[in-house]
Protein chains: 2
Amino acid sequence: MSSLSDRIEAYLMHLLLHSQDGCIEVRRAEVADRFACVPSQVTYVLATRFTPERGFYVESRRGGGGYIRIVARHPRPEASGLQAVWQRIGRSLTSGQAEGLLRSLEQGGLLTRRQAALMRQALRQEADWAEPPLCDLLRAAVIKGMLLMLSSSPDGRDRIG
Amino acid sequence: MSSLSDRIEAYLMHLLLHSQDGCIEVRRAEVADRFACVPSQVTYVLATRFTPERGFYVESRRGGGGYIRIVARHPRPEASGLQAVWQRIGRSLTSGQAEGLLRSLEQGGLLTRRQAALMRQALRQEADWAEPPLCDLLRAAVIKGMLLMLSSSPDGRDRIG
DNA sequence: ACCGCAAGGTCAAAGAAGGTCAAAGGAGGA
DNA sequence: TCCTCCTTTGACCTTCTTTGACCTTGCGGT
């Protein structure tokens, strides 16, 4: 089901989420080895998933002692909780930023796949009809509303009855 | 005589009902295979039966590891009063309209006091910084996002407690 | 400097899904 | 009968992934 790229993404995301500062260093060849694939596969994953648009930046160096460093702009959302994530969201959010956020929340276990899917749908439906910059404002508004509702009653216990 | 489309619909619905969270992932080619039909038949069923109006969202991805994900907004078949309200909200909502809406939802028992209060706060925070007409757009977006999350919680949180 | 190895980078081709669209088929009603 | 609406099919398109050949960069030794 999940593709090789997805598994590599999950692996790197896992490392990021468990890092102290939302910043990791890996060797391309090592990662490729772990997943028994060609090194350029790792490059592909970095290029398609860990983009600045989604809130990551990647630097690397070649030659002996070379490395790839991935830095997350939203370090460890799973440790800080939905409330903290919510506070970091500003008034505007591009679709790429929203997608990156949802993915990392999903990876961090703060959102179920279903919740993430619902939120994606809602974002499309409520924001995509507008042009930038309006659509980005709407996206931030929708997602913050949704996160607030989720975080305020994570398991339905907030029902007063 | 149930048509092929009906049988495919029934099959997918069966999977949904037996899923824990009202969210399934299938491969188009596999489903087509099971019913010995062309893949586009599955697309047809999705397009005609699993529509947003009927309470379903469909997400898909192409390429290797591609899939079709179907999400039911209501894992439980019970209709939700919130859903109906949600569907009637347009793209714009004045603060007066929003307040009226929240009040009637609260009185109707569809929202707890706490939820309503939370939503009021979110509305103020996310929309009031802007001038009309933008603030009305933002209000509609926030409130729809929040209602969606409430009305689609798998644990039936949206029912009157 | 120069050379050679040890990284990582690029790019394009091949492969693996799903999407589109229009034509053909079928069932029911005016 | 004829018309309309829903189904079924299939040819062709678009998107995403995987692989591999070849390129560039950095470091260390001579």
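Below, chains carry the letters A, B, ... as their sequence lines are ordered, and counting in each starts from 1. All values below come from the heavy atoms of this structure, side chains included, with hydrogens, waters and symmetry mates left out. Keep in mind it's a predicted model, so treat the numbers as computed, not measured.
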Side-chain N or O of A:S60 versus OP1/OP2 of C:dG9: is the shortest distance under 4.0 Å?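 Yes.
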For C:dA17, does OP1 or OP2 lie under 4.0 Å from any side-chain N or O of B:R27? yes
For the CD atom on B:E131, are there more than 12 heavy atoms of other groups (residues, nucleotides or ligands in this structure) within a distance under 6.0 Å?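 Result for CD/B:E131: open.
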What's the CG-P distance between B:L4 and C:dG26, to the nearest Å?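 Value for this atom pair: 14 Å.
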Please state how far atom OH in A:Y67 lies from atom C1' in C:dA6, giving the value in whole angstrom units. 16 Å
Run through A:R114, A:R120, A:Q121 and flag the one making a side chain to side chain contact (heavy atoms under 4.5 Å, CB included) with B:Y57.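 With B:Y57 as partner, A:R114, A:R120, A:Q121 yield a single side chain to side chain contact (heavy atoms under 4.5 Å, CB included), made by A:Q121.
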Applying a strict under-4.5 Å side-chain criterion to I, L, V, M, F, W and Y, I'd like to know whether A:Y11 and A:F56 cluster together. yes
Following the transitive rule for hydrophobic clusters with a side-chain heavy-atom cut-off under 4.5 Å over Ile, Leu, Val, Met, Phe, Trp and Tyr, establish whether B:W86 and A:L138 coincide in one cluster.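 Cluster IDs for B:W86 and A:L138 differ.
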Contact list for DNA chain C against residues 28-54 of chain A - heavy-atom distance below 4.0 Å: A:R28, A:A29, A:S40, A:T43
Bounds of contact between DNA chain D and chain A, in 5' to 3' order, using a heavy-atom cut-off under 4.0 Å: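 Both ends considered, the range comes out as D:dC16 to D:dC27.
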Testing the basics here: between A:Q41 and A:C37, what is the closest heavy-atom pair and its distance to 0.1 Å?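 In terms of heavy atoms, the two residues are closest at CB-SG, 3.7 Å.
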Taking B:K144 for the side chain and B:I89 for the main chain, is one N or O donor matched with an acceptor at less than 3.5 Å?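 The answer is yes, because a donor-acceptor pair under 3.5 Å joins these two groups.
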So does B:R103 pair up with B:E99, basic N to acidic O under 4.0 Å?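 B:E99 and B:R103: salt-bridged.
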Does B:R91 pair with B:D136 as a salt bridge, N-O distance under 4.0 Å? no
So which one's nearest nucleotide on DNA chain C is more toward 5', B:G63 or A:G66? A:G66
Taking the nucleotide of DNA chain D with the closest heavy atom to each, which residue, A:G64 or A:S5, is nearer the 5' end? A:S5
